[in-house]
Every structure is written in structure tokens, then in C-alpha cells.
Amino acid sequence: MDNADSGEQPAKNRVIADMFNRMADILEFQGEGPFKVNAYRKAARVIKDLQENIESLGQANQLKSIPGVGAGLAKKIDEFLRTERMSKYEEIVQSVPTGLIDLLGIHNLGPKTLALAHERLGIQDLNGLKRAIDDGRLANLPGMGEKKAENILKGIELREKGAGRIPLGQALALVEDMIHRLRKLPSVGRIYPAGSIRRMQETVGDIDILIETEEGETIVKAFTSLPQVTRVLSSGKTKGSVLVEGDIQIDVRAIDRDSYGSALQYFTGSQAHNIRLRGIAKQKGMKISEYGIFRREEKIGGGTEEEIYEALGMPWIPPELREDRGEVEAALEGNLPELVDLVDINGDLHVHTRWSDGEATIDEMAQKAITLGYSFIAICDHSRSAAYAGGLTHERLEEQLDEIHALNEGMENFRILTGSEVDIRSDGSLDFPDELLSRLDIVIAAIHSGFKQNVTQRLIAAAQNPLVTIIAHPTGRLINQREGYDVDLERVMQACSDTGTAMEINACGERLDLNDIHTRHAKEAGIRLAIGTDAHHSEDLASMRLGIGVARRGWLEKKHVMNCRTTEELLKMKTKGTDFKYGDS
DNA sequence: GCCGTTTTCGGCCCGACTGTTTTCAGTCG
């Protein structure tokens with residue numbers, strides 16, 4: 001199950017979404033029509049993305065207000081919320097062998113083929129499938145053949161290798177290197193990554209690069225011959241597909257000038273967003289494809305993305321919003337947010353140095369920040385409980401403060417803010433006394449141990465401390481590595497909202513915590529957000545752009561983000577609750 | 001199964017590619 005995209009939602013939302021997805025898979029396998037199957041999938045997606053706890057909606061009799069949930073699904077959800085069971089789900093799941101439906105995730109093996117293999121050959125699970133490929137029985141089925149069986153085998157191998165989604169930061173580095181090389185080729189015009197990478201999704205499956213060119217075949221050939229390529233999957237006139245180190249797939253598409261915008265729009269997705277746009281186009285008697293937007297047979301746009309959106313009567317929608325999470329409605333109503341941008345960022349609110357487990361000096365971090373155009377940086381080394389990270393003792397922190405004050409003496413138009421990433425101990429108390437914390441510019445409270453011990457209460461206690469500015473990485477998850485803390489995030493958000501405590505978007509590539517959906521939820525709860533790279537090296541300051549990606553996917557504007565304030569405004573915010581509202585500045 | 005300033009019934013995004021076929025089904029993005 002791929003939950004990496006959204007992190008931990010309210011538990012029941014996720015459970016119900018998973019159940020509906022499972023039901024969709026089984027119904028599809030059983031030959032149910034595509035529209036019913038899609039209805040289940042759509043409802044699952046919307047419920048997974050939902051801001052509210054579905055239990056609250058159920059209690060308020062509001063289930064049918066969820067887009068994609070009608071009378072039928074509402075009844076099933078309601079049954080589950082009341083009884084912890086869903087009779088239709090149980091009925092459907094019991095009608096197929098356990099293990100069979102999991103095979104649907106295999107590339108090149110769809111529901112029709114799986115049904116055929118199950119009925120004719122009695123395939124029940126992965127081992128049975130492998131045997132049927134080995135001894136040729138699968139290839140002998142009607143409509144099958146050697147090639148198809150071989151492709152399914154390749155799909156199995158890929159899955160067993162665990163070639164999964166890679167973190168956004170890694171994908172960005174890879175794609176930028178690629179684009180840098182491809183740009184040097186002759187007859188290359190516009191060149192952009194599309195797909196989830198352009199939407200700044202936290203993990204990326206395969207990478208799409210779109211090149212505007214009249215020389216498709218030459219470009220594709222040059223691409224598939226690059227030194228990084230470990231295997232060429234396909235190479236044609238308009239599309240080349242390769243694997244690079246780590247079995248990461250990169251596709252290049254050569255596009256005509258007149259279709260570049262529609263191709264970029266199409267391949268950027270998301271699929272759900274595109275389906276919405278096509279539905280609207282259809283209502284207006286138009287048609288959208290990767291080649292353009294058409295009224296009857298006449299092409300009315302496609303050179304740029306703006307032409308597509310304009311033809312549909314809406315402004316261009318930033319890629320980070322294209323998830324069908326309300327952006328189409330907002331665009332039609334003229335209510336799109338003015339998203340925060342990297343150029344709005346005045347500084348970094350969470351960095352480490354050699355004083356604890358970082359690798360650079362305070363001055364090196366500051367100098368790097370200055371080259372990024374920042375006007376401040378907050379030094380937040382670990383506190384003493386984080387012994388594994390060389391956490392500072394009371395005395396060491398005092399010494400560090402002296403060094404920062406001295407460095408600030410020599411700075412013009414730049415301020416090194418004093419701070420600490422202070423541990424929240426297992427009893428909910430902080431690692432430094434209030435007297436010391438009160439002398440810092442920024443106090444970030446964080447949990448680094450006891451992930452299952454009263455986490456919710458401890459985070460709430462930290463938020464209630466008037467000296468705590470920011471709650472660091474509030475869920476504690478590590479992408480593809482570790483589930484988050486055992487935490488009731490809704491209650492923590494309530495506490496942050498009540499006390500004027502900010503929540504962090506930790507921009508470190510393996511965290512991105514809060515994630516996009518939590519971020520949007522926090523914004524709507526009136527909570528201020530702080531982006532911190534958690535940098536341990538001066539190079540790490542660059543991951544601010546990942547944090548900006550999360551912020552934009554969370555619909556944040558400049559006013560929601562502490563990093564967009566001036567140094568003076570930030571220092572005033574030390575006293576919580578006084579200038580808390582977004583409007584003030 | 002959902003949904004409605006073209007519909008309470010009849011729609012529901014669109015095209016490419018592959019491999020199997022001899023006109024098309026299945027899968028993918």
C-alpha cells in the first residue's frame with residue numbers, strides 16, 4: 001500500500017479509503033463496469049485527502065457532503081463508523097482468494113489477464129503465477145503469447161527488486177543534471193520536467209522530461225546514449241525511455257512547438273486534475289488531449305498551458321495545486337491562493353552547526369545563508385538529552401550565545417538568531433530551564449525519543465509553554481523508513497492554534513513534516529507555519545525549496561509563513577498570542 | 001456508484017502502445 005504521499009491522516013479516513021480501493025480492485029477483477037469501479041476509487045482518493053475526521057462528518061450526518069460519496073457509499077461508511085464492520089466489504093473480500101488481488105500491482109498484469117489466469121489455470125498467488133509463466137501455460141492462453149508472459153515476468157522482477165518511489169530531493173537533483181545535459185543539444189527549445197516532480201510531490205515514481213524540438217529522433221537518440229543510462233527500455237521518434245543507476249526510469253518526450261503547452265499540462269497531471277478539466281471541456285463542447293484543446297475539429301490552443309486553462313474560463317493553476325483538491329473550483333471562482341515562493345523567503349528557521357551534530361561552523365552557515373539572499377538564520381542545535389547528537393549542555397549553550405553575539409557585531413543587514421532545538425522529555429518537560437530559553441530568539445521544541453510515550457500530551461504541553469516558538473517535525477515520520485509518532489495531530493493542532501505556537505514544515509528531504517495535507521489543515525486552523533531545513537551542512541540550506549514545495553501544495557501564501565517576515569517582526573513574535581493573526585505584520 | 005445551467009436517466013477523459021490479431025483487447029499514463 002502506498003501511503004507515502006499523504007502521511008498519517010485521521011485513522012478511520014485512511015482505513016475507509018483503503019477498503020474502498022480494495023473493493024475497487026476486486027470489483028474490477030470481477031468484471032464490474034469501469035464507472036462503478038472508478039466511483040469507489042474516486043471516493044477513496046477524496047477520503048484519503050480529506051481535512052476533516054470522517055467520524056465527525058458521520059456524527060454530523062454530513063457524509064454525503066464528501067464529493068464522490070452518494071447514498072450508497074455513505075451508507076457503507078456509516079455502517080463502518082457505527083459497527084467497525086462493513087458487510088459489503090467483507091462479502092466482496094471473501095469472494096476472492098487472499099493474495100490474488102495483490103497481483104494486480106504487477107506491471108503489465110491487469111484485471112482481465114488476472115481473471116483469465118485465475119479461471120483457466122487456477123492461479124491463486126504469486127508462486128502459482130510464476131510457475132504458469134515458467135512452464136508456458138500462461139503464454140498458451142487465448143489472446144496471450146510469449147511476449148506478454150515475458151513482460152509480466154519483467155513486472156514481477158521489478159516489484160521484487162523493490163524499485164519504488166524515490167524522494168523528491170533525489171529526483172530533482174537527477175532531473176536537473178539530465179536537463180543540463182539535454183539543453184546543450186541542438187534544436188532544443190523549452191525543456192521542463194513534468195509529472196509528480198513538477199507538482200513537487202514528496203516521492204516520485206518515474207521521471208518525465210518534455211523537450212520542445214523539431215528533431216525528435218535525434219534528441220531521443222542523444223538522450224538514450226547519455227553516460228548515466230544503464231539500460232534503454234525503448235527508443236522511438238517521439239519518446240525514449242531509459243533506466244539510470246538505481247533502476248530509476250526516465251522518459252523523454254519530443255514535442256512540437258504548437259503542442260508543447262498541452263503536452264506539459266497533460267503529463268504534469270495529476271490524473272484526477274486532468275479528468276476534472278476534461279469533464280469541464282466536454283460540457284463546453286471542447287476536447288483536451290496532449291496535442292491541444294479543440295472545439296469540434298478546430299484547435300483553439302496548446303502552445304502554452306495558459307491557453308488551455310484560459311479556454312476553460314480559468315486562470316493558469318500552479319502545478320503544486322493540481323490534485324483535484326478544490327483548485328479547479330477555486331480557479332473558476334477566481335479564488336486561487338497567491339502561493340508563497342522561494343523568493344519570498346527571508347531566512348531559515350532551523351539549522352545545526354558543529355556545536356552539536358552539524359558539520360559547519362556558525363559563520364559558515366551564516367555566510368552560505370547570505371549568498372542565498374537571506375537576512376536571518378536561526379541556529380538551533382540540539383539540547384543535552386539528545387546525547388547521540390552531541391546535544392549542548394546549559395554551559396555550552398551559554399558559550400554558543402557569546403559566539404553568536406560576537407559574530408552579529410560584524411554583520412550588516414544580516415542577523416544570526418539564537419535558538420535551540422530543545423528536546424521534549426518523556427514527562428513533557430523541556431530540556432532547558434525557562435530562564436535560559438527566555439534569552440533565546442527562537443525556541444523549537446522537538447521529540448527525539450519515546451515515540452510511543454504520551455506523544456500527544458507532550459507536544460501539547462510544549463505548545464502551552466509560552467517560551468516555545470515552534471513545534472518541530474510534528475509527526476516524526478521518515479519517508480519510506482519510519483511511521484510517525486503515535487500522535488493525535490488534531491489535538492496538537494488545536495493546542496497550537498489556541499496558544500499561537502507555530503508548526504514546522506521540516507524541509508529535510510527525508511522528513512517533509514508536516515506534509516502537504518497537514519500543512520493545509522494547519523493553515524485552515526489559523527496556525528502559523530515555519531519552514532526549517534534542519535540543515536547539518538551548508539549545502540543542506542538548499543532544501544528550502546522542498547519545504548516551499550510542501551507549503552505550496554498546502555495552499556500557503558506569504559502571510560502564513562514565518563520565514564517571510566522581517567527579522568524585526570520575527571523577534572516581536574517571541575511573545576506568543578499577541579500578534580498572532582495572519583493579517584498583522 | 002455518482003451526479004445534474006444541456007440530464008433524476010444516461011452519461012461518466014483521452015490517446016498511445018503492445019501484442020495479438022486480420023479489426024481489436026488490454027494496459028498504461
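Since we're looking at a predicted model, the values are computed, not measured. In the text below, chain A, chain B and the rest are named by the order of the sequence lines, each starting its count at 1.
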Colleague: When you measure from the side-chain N and O atoms of A:His107 to the phosphate of B:dG29, is any distance below 4.0 Å, counting only OP1 and OP2?
Modeller: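 For B:dG29, OP1/OP2 do have a side-chain N/O of A:His107 under 4.0 Å.
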Colleague: When the P atoms of B:dG26 and B:dT21 are considered, how many whole Å apart are they?
Modeller: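 To the nearest whole Å, 13 Å.
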Colleague: If you assign each of A:Asp208 and A:Thr238 to its closest nucleotide in DNA chain B, which residue comes earlier from the 5' end?
Modeller: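 So the residue in question is A:Thr238.
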Colleague: Side chains of A:Leu512 and A:Asn506: closer than 4.5 Å at any heavy-atom pair?
Modeller: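 No, every pair of side-chain atoms sits at 4.5 Å or beyond.
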Colleague: Does A:Lys36 reach a base, just sugar-phosphate, or nothing at all? Heavy atoms under 4.0 Å.
Modeller: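 Since a base atom lies under 4.0 Å of A:Lys36, the category is base.
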Colleague: How many whole angstroms separate atom CZ of A:Arg41 from atom C1' of B:dG29?
Modeller: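 The answer, rounded to whole Å, is 14 Å.
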Colleague: Looking at B:dT20, B:dT18, B:dC17, which one has an atom nearest to any side-chain atom of A:Asn151?
Modeller: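 So the nucleotide nearest the side chain must be B:dT18.
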Colleague: Between A:Tyr40 and A:Phe20, what is the ring plane arrangement, given parallel below 30°, perpendicular above 60°, and tilted in between?
Modeller: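 The arrangement is perpendicular - the two ring planes meet at more than 60°.
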Colleague: Side chain of A:Leu73 only, heavy atoms from C-beta on: which candidate in B:dT20, B:dC2, B:dG15 is closest?
Modeller: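 Nearest nucleotide to the side chain: B:dC2.
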Colleague: What's the closest nucleotide to the A:Gln271 side chain, out of B:dC13, B:dG1, B:dG15?
Modeller: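 Closest nucleotide to the A:Gln271 side chain: B:dC13.
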Colleague: Checking all strands, does A:Ala43 fall into the base, sugar-phosphate, or nothing category for heavy-atom contacts under 4.0 angstrom?
Modeller: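 Answer is nothing: A:Ala43 stays at 4.0 Å or more from every strand.
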Colleague: A:Lys282 side chain: which of B:dT27, B:dG1, B:dC14 is closest?
Modeller: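 Of the options given, the side chain of A:Lys282 lies nearest B:dC14.
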Colleague: Any side-chain heavy atom of A:Ile250 within less than 4.5 Å of one from A:Phe223?
Modeller: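 Yes, their side chains come closer than 4.5 Å.
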Colleague: Syn or anti for B:dT7, given that syn means the glycosidic angle lies within 90° of 0?
Modeller: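 Syn, which is what one calls it when the glycosidic angle falls within 90° of 0.
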Colleague: Return the value, rounded to whole Å, for the distance between atom CG of A:Leu141 and atom C1' of B:dT21.
Modeller: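 In whole Å, B:dT21 C1' lies 16 Å from A:Leu141 CG.
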Colleague: For A:Phe267, answer base if it contacts any base atom (sugar-phosphate contacts may also be present), sugar-phosphate if it contacts only those atoms, and nothing otherwise; contact means non-hydrogen atoms under 4.0 Å.
Modeller: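 Here A:Phe267 touches no strand at all.
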Colleague: How is A:Lys76 classified with respect to the nucleic acid when contacts are heavy atoms under 4.0 Å: base, sugar-phosphate, or nothing?
Modeller: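 A:Lys76: backbone/sugar contact only, no base atoms under 4.0 Å.
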Colleague: Just to be sure I understand the rule, does A:Val37 reach a base, reach only the sugar-phosphate, or reach nothing, if contact means heavy atoms closer than 4.0 Å?
Modeller: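 If one applies the 4.0 Å heavy-atom cut-off, A:Val37 turns out to touch nothing in the nucleic acid.
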Colleague: Evaluate the side-chain proximity of A:Phe294 to A:Ile288: yes if any heavy-atom separation is below 4.5 Å, no if none is.
Modeller: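 Answer no - side chains too far apart.
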Colleague: What does A:Glu32 touch in the nucleic acid at a heavy-atom separation under 4.0 angstrom: a base, only the sugar-phosphate, or nothing?
Modeller: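 The answer is nothing, as A:Glu32 stays clear of every strand by at least 4.0 Å.
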Colleague: A:Ile317 versus A:Leu336: any side-chain heavy-atom pair under 4.5 Å?
Modeller: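 Touching, per the 4.5 Å side-chain cut-off.
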Colleague: When you measure from the side chain of A:Thr113, which nucleotide among B:dT27, B:dC17, B:dC2 comes out closest?
Modeller: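 For A:Thr113, the side-chain atoms sit closest to B:dT27.
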Colleague: Contact class for A:Asn108 (heavy atom, under 4.0 Å): base, sugar-phosphate, or nothing?
Modeller: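 Counting heavy atoms under 4.0 Å across all strands, the contact made by A:Asn108 is with sugar-phosphate only.
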Colleague: For the side chain of A:Tyr291, counting heavy atoms from C-beta on, which of B:dG19, B:dG15, B:dG1 is nearest?
Modeller: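 Minimum distance to the A:Tyr291 side chain belongs to B:dG15.
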Colleague: Classify the nucleic acid contact of A:Lys287 as base, sugar-phosphate or nothing, counting any heavy atom under 4.0 Å across all strands shown.
Modeller: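 Sugar-phosphate, no base atom in range.
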Colleague: Nearest whole Å is fine: how far is B:dC28 P from A:Gln249 CD?
Modeller: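 Taking atom P of B:dC28 as the reference, CD of A:Gln249 is at 13 Å.
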Colleague: Tell me, do A:Met23 and A:Met86 make a side-chain contact under 4.5 Å, heavy atoms counted?
Modeller: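 A:Met23 reaches A:Met86 side chain to side chain.
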Colleague: Between atom CD in A:Gln283 and atom P in B:dC14, what is the gap in whole Å?
Modeller: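 Atom-to-atom, A:Gln283 to B:dC14, this comes out as 12 Å.
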Colleague: Hey, does A:Ile152 reach any base, or is it just sugar-phosphate, or nothing, if we go heavy atoms under 4.0 Å?
Modeller: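 Counting heavy atoms under 4.0 Å across all strands, no contact is made by A:Ile152.
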Colleague: From C-beta outward on A:Lys148, which listed nucleotide comes closest to its side chain: B:dT20, B:dG1, B:dC14?
Modeller: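 Minimum distance to the A:Lys148 side chain belongs to B:dT20.
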Colleague: Answer with base, sugar-phosphate or nothing: what part of the nucleic acid does A:Leu277 contact at a heavy-atom distance below 4.0 Å?
Modeller: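 Nothing, no heavy atom under 4.0 Å.
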Colleague: Between A:Asn38 and A:Gly105, which is nearer to the 5' end of DNA chain B once each is assigned its nearest nucleotide?
Modeller: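 Of the two residues, A:Asn38 wins.
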Colleague: What's the closest nucleotide to the side chain of A:Lys147 if the choices are B:dT20, B:dG29, B:dT27?
Modeller: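 For the A:Lys147 side chain, the nearest candidate turns out to be B:dT20.
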Colleague: Find the distance A:Ile275:CD1 to B:dC2:C1' and express it as a whole number of Å.
Modeller: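 Between C1' of B:dC2 and CD1 of A:Ile275: 14 Å.
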Colleague: Rounded to whole angstroms, how far apart are NZ on A:Lys112 and P on B:dT20?
Modeller: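 Rounded to whole Å, this separation is 18 Å.
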Colleague: Which part of the nucleic acid, if any, lies within contact of A:Pro111, taking any heavy atom under 4.0 Å across all strands shown: a base, the sugar-phosphate backbone alone, or nothing?
Modeller: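 Contact class for A:Pro111: sugar-phosphate only.
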Colleague: Let me see the working for A:Glu55 and A:Asn13 under side-chain hydrogen bond (donor to acceptor under 3.5 Å, both in side chains), right down to the final yes or no.
Modeller: CA-CA 8 Å; A:Glu55 287 180 270; A:Asn13 296 31; over 6 Å; no
Colleague: Looking only at side-chain atoms of A:Arg278, point me to the closest of B:dT18, B:dG15, B:dC13.
Modeller: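 Among B:dT18, B:dG15, B:dC13, the one nearest the side chain of A:Arg278 is B:dC13.
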Colleague: Among the candidates B:dG1, B:dC14, B:dC13, find the nucleotide nearest to the side-chain atoms of A:Tyr266.
Modeller: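 The nucleotide sitting nearest to the side chain is B:dC14.
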